[in-house]
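Counting convention: from 1, in listed order, for ligands and their atoms alike.
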Amino acid sequence: MRRIRADWVWTPDGPLAGGEVVLDYDGRVTAVAARSGHEAEEVGGLLLPGLVNAHCHLELSDLRGKVPGGSGLSSWAQALVSRRRAPDAEAMRGAITEARDAGTAALVDVTNSGAPIPLMADADLRGSAQVEILGIEPDRCESARSGAARLLLAPGFPAVETCHAVVSCAADLLASVLAPPPEPGPARTFHCDEDAADTLLLRDRSGPWADFLDRLGRDWRDRIGHADSPVALLDALDVLGPHLALVHCVHTGPAELDRLAATDTAVVLCPRSNLHIGGALPDVPGMVARGLRLAIGTDSLASCPDLDVLADAAVLAAAFPDIDPGVWIAALTTGGASLLGPVRDGRVGGLCPGAEHGLLHVALPATTDPGRTLLDGTRWARRWLSCPLLP
Ligand SMILES: [Zn+2]
């Protein structure tokens with residue numbers, strides 16, 4: 001048993017000054033309490049549970065700094081496609097180490113190749129592999145689904161099938177793949193409203209995506225969904241719900257946010273990636289005001305400089321200073337953990353008895369406001385006092 005005392009302990013209910021965390025011999029948390037008279041390891045700073053990076057594409061890890069942004073998603077995606085190579089195992093292993101060193105206990109990783117799945121299993125990460133399907137014409141949808149089914153057989157790591165986006169998937173494919181699953185499992189993540197052009201395609205059959213699909217010679221006009229917005233399409237297909245997490249939502253409007261709140265559909269924020277690709281952030285205050293379940297992801301190294309998800313939370317804290325920093329810490333911990341499996345108790349992923357996401361020490365200086373100090377933009381040194389346990 002270890003008893004560790006810090007200046008601050010971040011619990012699911014907020015920061016606890018001078019708190020203590022007791023670990024059993026496996027590193028599982030057995031107690032979180034106010035300062036006691038017992039002997040303890042004094043570490044100062046802040047204790048956090050291991051963090052959840054809720055959106056990444058490890059297989060793009062060799063593209064760090066190589067895909068210019070700033071002109072919107074369709075030009076970024078075309079630049080990505082022209083640079084994309086077979087997944088580089090060394091780059092992916094390096095990215096996993098980088099994420100773990102930054103305090104990541106669990107990673108929700110989107111893959112088309114399946115190549116990161118055994119590497120995440122080898123690295124003892126928690127999380128899920130999101131085996132992503134794209135398909136517009138029926139024959140392509142069918143071959144994409146059978147390819148995904150083969151990857152889902154890979155043992156050793158939780159994996160689910162999902163779709164890429166409304167602009168790359170036929171409406172009937174979305175309805176089938178994103179429907180609430182019969183058995184509870186990891187949430188399915190889905191790129192949504194990353195660019196305003198998504199709505200132009202669905203609503204008006206125009207814009208950069210229409211030009212792109214026409215250039216590729218795709219037979220999309222009767223296959224891509226028809227709706228006023230991506231969320232309206234998902235709603236009409238009856239696939240919104242707690243099993244789904246929409247990634248980005250940069251251009252999601254008030255009526256659509258209402259539908260996400262009403263259906264307990266989660267949102268994954270990737271602010272650094274959004275700023276790199278399109279130069280805009282989502283209506284985060286609108287999401288917070290509606291009590292949406294939030295998580296945070298870095299996105300891939302093709303649109304984000306590193307896999308330190310705390311740096312994304314710091315961008316949100318700077319952009320929305322009126323929002324309590326506890327919102328971002330909840331998104332990094334309990335919010336992200338809510339996407340990992342069927343147990344959606346609000347305390348899962350937080351520091352409380354039974355917690356298994358590891359114990360992370362952040363070397364904060366003396367502060368009366370640990371949330372704001374943590375997210376002030378400084379890359380605070382951090383180390384694992386106990387590693388995350390395997391599920
Ligand atoms: Zn993504």
Side-chain angles (χ1 to χ4, degrees), residues 52-69 72-81 83-84 87 91-92 95-96 99 104 106-117 120 127-134 144 148 151 159-169 174 177-178 186-198 209 230 234 244-252 265-282 294-309 311-312 315 331 336 339:
V52 181
N53 182 344
H55 189 66
C56 189
H57 301 247
L58 284 172
E59 62 198 9
L60 304 180
S61 293
D62 59 323
L63 293 175
R64 189 193 315 245
K66 293 182 181 163
V67 189
L73 183 61
S74 83
S75 45
W76 179 86
Q78 289 170 63
L80 172 74
V81 168
R83 289 164 173 79
R84 193 164 179 178
M92 290 191 285
I96 289 170
T104 306
L107 195 60
V108 179
D109 189 65
V110 181
T111 179
N112 308 108
S113 70
I117 299 176
M120 287 195 286
S128 70
Q130 304 277 319
V131 177
E132 182 183 74
I133 296 173
L134 296 80
L151 296 181
V160 291
E161 180 188 50
T162 191
C163 284
H164 170 247
V166 294
V167 301
S168 56
C169 296
L174 298 175
V177 173
L178 300 182
R188 286 157 210 266
T189 62
F190 180 72
H191 298 93
C192 184
D193 280 323
E194 189 172 359
D195 194 284
D198 298 13
W209 287 127
L234 299 174
L244 192 67
L246 301 184
V247 182
H248 301 305
C249 292
V250 177
H251 299 276
T252 307
T265 305
V267 172
V268 181
L269 302 168
C270 302
R272 288 189 296 168
S273 175
N274 299 153
L275 291 173
H276 176 73
I277 292 174
L281 291 175
L294 298 178
I296 302 175
T298 53
D299 212 340
S300 79
L301 289 172
S303 59
C304 192
D306 56 58
L307 297 187
D308 180 0
V309 74
D312 281 280
V315 166
L339 309 183

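The two residues Ala77 and Trp209 come nearest to each other via the heavy atoms CB-CH2, 4.2 Å.
The line from CZ of Arg64 to SG of Cys304 is 9.5 Å long, rounded to the nearest 0.5 Å.
Among the backbone and side-chain atoms of His55, an N/O/S atom is found under 2.8 Å from the Zn ion (ligand 1). Not a single N/O/S atom of His248, whether from backbone or side chain, sits less than 2.8 Å from the Zn ion (ligand 1). Residue side and main chain included, His191 places an N/O/S atom under 2.8 Å of the Zn ion (ligand 1).
In summary, of the residues considered (Met92, Glu59, Met120, Gln130), a side-chain contact (heavy atoms from CB on, under 4.5 Å) with Thr111 occurs for Glu59 alone. Among the candidates Leu107, Val110, Ile117, the single residue satisfying the side-chain contact (heavy atoms from CB on, under 4.5 Å) test with Leu58 is Leu107.
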